[in-house]
Amino acid sequence: MANAALKEEIFELDGMDPEKVKEEMLSAYPTKVARKRAKQIIVNKVEGEDVPIIQSNVRTVPGLIGQRGCCYAGCKGVVLGPTRDIVNITHGPIGCGFYSWLTRRNQTDATTTPDGHNFMTYCFSTDMQDEQIIFGGEKKLKQAIQEAYDNFHPKAIAVFATCPVGLIGDDVHSVCKEMKEKLGINIFGFSCEGYKGVSQSAGHHIANNQIFKHVIGNDDTVKDGDYKLNLLGEYNIGGDAFEIERIFKKCGITQVASFSGNSTIDAFANAHTADLNLIMCHRSINYVAEMMEKKYGLPWIKVNFIGAEATAKSLRKIAAYFDDPKLTEKVEAVIAEELPEVKKACAEVLPRTKGKRAMLFVGGSRAHHYQELFNELGMETLSAGYEFGHRDDYEGRKVLPGIKVDADSRNIEELKVEADPEKFKPRKSPEELEKLRSCGLEFAGYEGMMPEMKNGSLVIDDISQHETDTIVEAFKPDLFCAGIKEKYSIQKHGIPLKQLHSYDYGGPYAGFKGAVNFYKEIDRMVNSKIWGYLKAPWQTNPELAATYAWD
Amino acid sequence: MLLKHTTSEIKERSALTVNPAKTCQPIGAMYASLGIHGCLPHSHGSQGCYAYHRSALTRHYKEPVMAATSAFTEGASVFGGQANLLQAIDNMFTVYNPDIIAVHTTCLSETIGDDIPQIVKKAEADGKIPEGKYVIHANTPSYVGSHVTGFSNMCKSMVDYFSESNGHKSKTINLIPGYVEPSDMEEIRRIASEMKLKTIMFPDTSGVLNGPMTGRFKMYPDGGVTIDQLKQTGSGMGTVAMGRLASMAAARALDNKCKVPCEIIDLPIGLHGTDAFIDTLRHIAGVNVPDSLTFERGQMVDIISDMHQYFYGKRVGLVGDPDQLLALTKFLVSLDMHPVYIVTGTPAGKKYEKALREVVKDVPGEVKISVPGDMYLFHQWIKQEPVDLLIGNSYVKYIAKDDDIPYVRYGFPILDRVGHSYFPTVGYKGGMRLLEKILDALLDRQDRDATDINMELVM
Ligand code: SF4
Ligand code: SF4
C-alpha cells in the first residue's frame, strides 16, 4: 500500500490531499509571497534517508503575522534567562527587559548553591531615554553596572543590547571590559540587537558564542563524580530539568553543568571538565557543543528526554558511551524500575487518545520531540513545523554542508575555535570512537524531524496566522500545539491548544514522571466535555414550541 | 524568598531600573488600536517587539490579539523600513482584509527616523490601499514616556486622522475612557446610556478583548468603535476625557481640530470619581440623573458605611499607572485608608505628582511617592516599614508573598487571574467590586491569623 502511494507520489493526509491544502494556503497570497512560502510548506516524503528540502531560517514576510520573536529574545530570554546568579541587564528602552521578566517559567533551585543567589525574579534595565538615543548610552550603562554591583554584589553581570543600541553605536563590550576590570567580577556583553538574523535563532548563536568566550573554561577544578556530562539545550520549563537530574542521580551519572535550566555561572565555567555533552534542543545550543569539542575534546551526542521510550533510549546511549558495565547495569535497572509505571499510565489513557490527531508548531526542537509523546499516546501528527529551526533541524545534519549562508546569517559571528594547547584532551581514542560508532552510537549527529514523520504530513516552517487558520479549518485536529500568541485564536475554533513553550503552566513533561503528566494532560484536553458547550440550547433547537415540557 | 536580594537599605540609583512599574509605548498603541472595529495593529520595527506585545496582551486578556510586523532585519535597520512597510501593507490587506491598519513605531524605526506618513502615501500611490480602507499611524518611541503614552498617542491619532466637523453639532457626547479594561469601557457606556445619552466611545475594546467562545475564530471581533463613528466625533457636542495622561491629548486635539469642547476628569474610579463623571455628563448634556444610578450610588455608600471599620487607618502601598493611581488614591482616602507608598514607572510629570500629593495631604505620617519609580524601590520602602495592603499588577504578588501582605490585583498586567476583562472597577458597580476585593483580602487575612479563641463568624 505504502509503495503504491509512493509510485503515484500522491499521499493522503487524514482523508485529504495535502498538496491541495497547501495550494489553498498559498492561494490567498500575492504571487511573490506565495512563491516564497511554497518553499517553506512541504508535503513530507521519506525516501530511504532522504526528505525534501525545506526552506527555513529565512526572513519572515512582513505583514504575514507569525510566531517568531527576535534575536534578543533568543539570547537573553532563552539561553541566558534561566541562569540564576548572573545579573542580566537589558541595555535599551524599558519594554524589551519588561517582557522578558519571568515570562518563561524557567524554574531554578537556589538552595543548592551556597551563596543562594537568584536574580531571575528581578528585571534589570537601563531604561534608555531619548537623551541616550541622541548622545549615546554608554555612560548610563556604566553607571547601571556600578549600581547593580553596589546593590546586589553578584559574581557576574551580563549586558544585553536591544535594537536601538546597535544603531546609536554604543559599544557594550568595551563598557563591560572596563567595568570588569574596575569591579573585579566577570562582566560581559551580548550584541543581540533584535534585528539581527531572522528570528530568536540568531540570539541563541550569539549567546553560545559569548558564554563560550567569557565563561566556559574559567574553572579547571575537576570535581568528584562518575560519568560526568553536561546537559545542553534544556531550559527547565515547568521543572523538566529537575526530573532529568533525578534520573541521572538515580543512575549514578554526574551532571557537571546544564545549559541552562537550573544553572549557575560557576557550573558553566567548569563545564569543560565533563566527558560528554548531551544535546536536547539542537537548534539553540549545538554551537557550544561543537566549540567545546574542538577546544576541549569532549564529544557530543543528541538525546531526547521527551517521551518515556526516548528517555530510556537516551539513557542507554549515555551508558554505551561510558562503556562501563556498572553504569549499563544501573541504567537498565532504573529503566526497568521506572518504565512499568509509565506504561501503566499510558495504557490507561490510550483507549481515549488513540487515533486523535495533533499538530505542532513550536520552537526549534519541541515540534519534533513531542511527536514522541504523541506516538506513545497513539496519536497522529498531521502537521508540524518550527518557529525558528534551520534545515538541519528538519532534514538532519547531513544537509549542513549544502546550506548556503545568506546575508542574514553572515553577520552572526562564527568563532574560530582551535584545540586548547593545555586543556584539550580527547575523551576516547579513535579506535574506541570507531567501536562505539559501529555499535550504533552516533556522535555529533541529528537526524532531524522530517525523517520521522510520515509521508504526506505537512511540514510548515515559520507558519503564518493565515496558514494556521487554513489547516485548522481543513483538518479540524483534536489538538494543536503552539504558544501563547496562538492559544486563544485556535481555541476560539473550538480546538484545544497545548502550549509547548510554557506548558500552560503545568509540567514537567520530560523524563519518566513527565511523560505520565503529559499523558494525563493530553487525555484531559482531547476528551474534555467543555468543547461541547459552545452552542446554547436555543441555538441547536431554535424552533419555538408553545408547550410545556410536561404537557 | 522570591526577591531575596531586596533589603531595606536604599542606595541612590540614577541609571539602573530594577523591576519596572511601566512598559513601553507600542503596547499601549496596540491596545488602543484594537479598540477600533476591523483594525489590524501593525508594529513597524523588528518582530521581537510585536511578539512581546502580543504575548503580554494575550496573557493579560486570555484572548486572541492580532497584530502584524514589518519584520526588520539588519538591512532594513540600516537602510530604513520603507520596503518592509510597503510590503506589509500589501500583504495585510490582501491576506487579512482589515478595514484599517493602525501603524505604530518601535524604538528601532524611531531611531532610524522612518517617516510613516510618507511611506503610507507611497503605498497609496502604488495602489496598495484598497478603496475605502485606511492606514493610520502614531509615533511611539519607547525611550519617551511609557505604555500609557503610547495609548494616548494612538488615541490622538484617531482624532488626527478621522474626526471631522460637518458644521452641525450633534447631540452626541464623545467619551475617551482612558487606558482601562474592556469591562470598564462597557460600564462607562452603560452609565451613559442609563442617562439616555447618545455617546461615541473611542477606543472601545469591549467585545474585542473579552469576546465569547463560539466555535468560530473572528479575526475582527464585533466590538470596537467604527470609522464612521470616529469621523462623527468631530461633530459631537462635547468630549469627556477620563484620565489626563491617557486621554487628554486626544480630547485637546479634537477641540483644536473640530472645536468640540472637552472636560478632562479623573478616571471614574471610586465614589467621588464616579460622582464627578456622572455630574459632568449631567452638565454637558443638561439631563437629570436617573434614579437607577442614584440607587447604585446608595448601595456603594451602604457598603462603605457597613464596613468602614475595616478600612479605617489601613496603610496601603500602590503601584500602577498614573491615571489609575490618582483616582484610586482618592478613593482610598475617601474610605479613611492611608495610601502611604505610591509608585508609577510612567514619567507623569511634576504637575501630576503635585496633584497626587494634594490628595494624600491629610494622610498622617510620611507618604512616599515616586514618579517615576520602580518596584524595587517600592519594595525597599515596605522592608523599612510594612503596609497592611498592597494594590498592583501580578508582579506585586512576589512582594506580597515575600512579606506576607494582603494583596489586591489591579492594573496591567494581570497574568495570573481572570475577571478584569469581564468585571469593571469603574462606576459605582465597579467601586463595589473594588470594595469587595479589598475586604476579601483584609478579612481573609484576619480569618487566617485568628486564633481558636478570637475567630469571628460575623464580620
Ligand atoms: S525595542 Fe522598544 S518598542 Fe520594542 S519592546 Fe523594546 S522598548 Fe518596546
Ligand atoms: S526586536 Fe529589538 S526592540 Fe524589539 S524586543 Fe527585540 S530587541 Fe527589543
Side-chain angles (χ1 to χ4, degrees), chain A residues 28-30 33 59-65 68-70 72-73 92-95 97-99 103 116 118-119 121-130 132-133 140 143-144 147-148 150-152 163-164 167-168 194-196 198 407-408 411 465-466 469 484-485 487-489 492-494 534, chain B residues 2-5 11 13-20 22-24 26-27 45-49 51-52 54-56 58-59 62-66 68-77 84 87-92 94-96 106-108 111-112 141-144 213-217 398:
Chain A
Y29 291 143
V33 177
R59 292 180 189 179
T60 301
V61 181
L64 270 209
I65 309 182
R68 284 175 170 178
C70 66
Y72 164 86
I94 198 67
F98 180 84
Y99 304 113
T103 43
N118 180 11
F119 301 108
T121 47
Y122 291 82
C123 165
F124 305 96
S125 169
T126 54
D127 187 13
M128 211 174 232
Q129 300 296 301
D130 43 358
Q132 283 88 45
I133 297 288
K140 192 171 192 187
Q143 179 62 20
E147 289 170 9
D150 294 342
N151 275 269
F152 300 99
C163 284
L167 287 190
I168 62 174
Y195 55 74
K196 293 214 169 132
V198 298
D408 296 312
N411 55 28
Q465 179 69 37
H466 159 72
D469 289 335
I484 184 70
K485 298 192 293 302
K487 170 114 186 156
Y488 302 102
S489 74
K492 291 279 183 199
H493 285 285
L534 305 185
Chain B
L2 294 161
L3 298 161
K4 58 164 74 162
H5 304 279
K11 293 186 177 136
R13 279 178 295 134
S14 63
L16 184 71
T17 294
V18 185
N19 300 349
K22 67 165 177 187
T23 184
C24 66
I27 197 170
S46 285
Q47 58 199 356
C49 310
Y52 276 143
R54 291 181 63 204
S55 300
T58 305
R59 292 183 180 116
K62 312 220 179 294
E63 285 292 306
V65 173
M66 289 298 137
T69 173
S70 293
F72 280 35
T73 51
E74 190 141 9
S77 308
N84 293 53
Q87 205 196 343
I89 289 174
D90 187 23
N91 287 335
M92 280 186 277
T94 310
V95 182
Y96 298 112
T106 65
C107 299
L108 180 56
T111 307
I112 299 168
S142 310
Y143 42 80
V144 177
M213 171 67 91
T214 59
R216 255 190 71 216
F217 166 57
Y398 286 72

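If you're wondering where the values come from, they're calculated on a predicted model, not measured in any experiment. Letters A, B, ... mirror the listed sequences (proteins, then strands); counts begin at 1.
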Check whether any side-chain heavy atom of Lys22(B) sits under 4.5 Å from a side-chain heavy atom of Thr17(B), and report yes or no.
-> no

Hey, what's the ring geometry for Tyr52(B) with Tyr99(A), parallel, tilted or perpendicular (30° and 60° as the breaks)?
-> parallel

Residue selection (most heavy-atom pairs with chain A, distance under 4.5 Å) from Met92(B), Lys11(B), Glu63(B) = Glu63(B)

Heaviest contributor of heavy-atom pairs below 4.5 Å to chain A, chosen from Thr111(B), Leu3(B), Val95(B), Asn19(B), is Asn19(B)

Closest contact, heavy atoms only, Asn118(A) versus His5(B) = N-NE2, 3.0 Å

In terms of heavy-atom pairs under 4.5 Å with chain B, the winner among Gln132(A), Lys196(A), Lys487(A), Arg59(A) is Arg59(A)

Give a yes-or-no answer on whether the side chains of Tyr488(A) and Thr58(B) include a donor-acceptor pair shorter than 3.5 Å.
-> no

With no hydrogens and no angle check, do the side chains of Ser14(B) and Glu147(A) hold a donor and an acceptor under 3.5 Å apart?
-> yes

Top of Asn91(B), Leu2(B), Val65(B), Thr73(B) for chain A proximity - count of heavy-atom pairs under 4.5 angstrom = Thr73(B)

Which one, Ala68(B), Pro141(B), Ser70(B), Ser77(B), leads in non-hydrogen pairs under 4.5 Å with chain A?
-> Ser77(B)

Structural part of Thr94(B) lying under 4.5 Å from a heavy atom of chain A = both

Heavy-atom distance under 4.5 Å to chain A: side chain of Ile112(B), backbone, both or neither?
-> both

